[in-house]
K.L.:
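I am attaching a structure below and will ask some questions about it afterwards.
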Amino acid sequence: AQKITQTQPGMFVQEKEAVTLDCTYDTSDQSYGLFWYKQPSSGEMIFLIYQGSYDEQNATEGRYSLNFQKARKSANLVISASQLGDSAMYFCAMREPYSGNTPLVFGKGTRLSVIA
Amino acid sequence: NAGVTQTPKFRILKIGQSMTLQCTQDMNHNYMYWYRQDPGMGLKLIYYSVGAGITDKGEVPNGYNVSRSTTEDFPLRLELAAPSQTSVYFCASSQGLTVTEAFFGQGTRLTVV
């Protein structure tokens with residue numbers, strides 16, 4: 001079974017609008033971490049935001065926020081005020097450190113295109 | 001800070017050749033990983049290491065070998081390269097057992113012809 005599911009292969013958003021990228025995950029652990037990474041066309045992997053399973057508040061980092069719904073096992077990334085430079089692939093990932101799954105497991109990604 | 005450094009950035013191999021992708025990190029991280037990313041896809045784990053002298057297989061280990069003789073270095077060896085190994089390879093590292101971000105190298109684009 002897929003650990004991380006990203007159901008949107010591609011998304012378009014108008015510049016300055018907000019966009020939500022979906023991510024659902026599968027785990028039976030109580031302690032885990034959820035991550036979002038950005039991969040621009042240049043290829044590097046850029047860490048954006050992290051949410052711990054015990055964190056009560058949704059994580060925020062500048063224009064990025066994570067809409068964490070634990071009961072639904074979803075960790076959607078919200079980008080506010082989109083910019084042209086936000087056009088990239090976005091990957092959701094999970095880590096389950098206490099079940100021995102220390103490496104990050106990635107979803108297949110969502111390609112975001114920001115339109116002027 | 002250098003972070004995670006991978007070499008080479010690009011390489012073309014002929015079928016059957018071998019090569020080693022180098023990865024070194026200067027953050028004193030215990031955990032290191034090798035991922036491959038096929039075109040339009042997410043990252044798949046090849047091998048990982050939780051400390052010097054300890055390695056373990058990931059999701060797609062066939063055709064690869066690793067070693068971890070020091071904390072800093074985690075080379076990935078391709079033996080008998082095949083076209084199916086054409087991919088972008090990422091090395092990453094992270095600190096400790098708790099949930100912390102992984103830092104990635106710039107990637108190595110490998111083509112097997």
Side-chain angles (χ1 to χ4, degrees), chain A residues 1-10 21 23 25 27 29-55 59 61 64 66 68 75 89-111, chain B residues 2-6 8-10 23 25 27 29-51 54-61 66 68 74 76 87-110:
Chain A
Q2 289 274 357
K3 286 271 186 186
I4 297 287
T5 302
Q6 294 180 255
T7 56
Q8 307 153 313
L21 306 183
C23 173
Y25 59 92
T27 181
D29 284 6
Q30 295 302 308
S31 178
Y32 51 91
L34 296 155
F35 303 77
W36 278 91
Y37 280 82
K38 173 184 178 181
Q39 187 179 44
S41 57
S42 52
E44 72 266 34
M45 295 290 287
I46 302 168
F47 167 73
L48 295 178
I49 196 166
Y50 160 77
Q51 179 84 43
S53 58
Y54 290 118
D55 294 340
E61 288 287 347
Y64 304 108
L66 202 151
F68 181 46
M89 282 290 288
Y90 288 81
F91 292 98
C92 180
M94 178 172 65
R95 203 166 167 214
E96 302 163 288
Y98 297 109
S99 64
N101 294 323
T102 52
L104 285 170
V105 176
F106 286 84
K108 292 185 177 179
T110 295
R111 182 172 297 282
Chain B
V4 179
T5 303
Q6 286 182 240
K9 286 190 169 60
F10 303 93
C23 176
Q25 51 92 8
M27 297 173 282
H29 285 169
N30 285 323
Y31 294 78
M32 295 188 75
Y33 320 93
W34 275 105
Y35 290 91
R36 62 176 284 174
Q37 184 181 25
D38 297 331
M41 301 294 287
L43 279 71
K44 293 186 178 180
L45 183 69
I46 305 171
Y47 271 96
Y48 68 101
S49 169
V50 302
I54 306 168
T55 62
D56 210 343
K57 294 178 181 179
E59 184 183 357
V60 289
V66 293
R68 185 94 182 270
F74 190 41
L76 177 72
S87 191
V88 179
Y89 292 83
F90 287 97
C91 179
S93 72
S94 64
Q95 183 179 17
L97 185 62
T98 56
V99 282
T100 56
E101 68 181 276
F103 294 84
F104 282 80
Q106 293 288 323
T108 296
R109 186 174 295 275
L110 175 68

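All chains are named by letter (A, B, ...) in the order of the sequence lines, taking the proteins before the strands, and each is independently numbered beginning at 1.
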K.L.:
Heavy-atom cut-off 4.5 Å, strictly under: side chain, backbone, both or neither for B:L45 against chain A?
P.N.:
side chain
K.L.:
Please tell me if the side chains of A:L104 and B:Y35 come closer than 4.5 Å, counting only heavy atoms from C-beta onward.
P.N.:
yes
K.L.:
By a 4.5 Å heavy-atom criterion (distance strictly below it), what part of B:E59 contacts chain A: side chain, backbone, both, or neither?
P.N.:
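For B:E59, neither part sits under 4.5 Å from chain A.
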K.L.:
Could you state the interatomic distance from OG (B:S94) to CZ (A:F47), rounded to the nearest 0.5 Å?
P.N.:
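Reported to 0.5 Å precision, the distance equals 12.0 Å.
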K.L.:
Does some side-chain heavy atom of A:Q39 sit less than 4.5 Å from a side-chain heavy atom of B:F104?
P.N.:
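Answer no - side chains too far apart.
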K.L.:
Mind ranking A:M89, A:M45, A:E44 by heavy-atom pairs under 4.5 Å with chain B and telling me who comes out on top?
P.N.:
A:M45
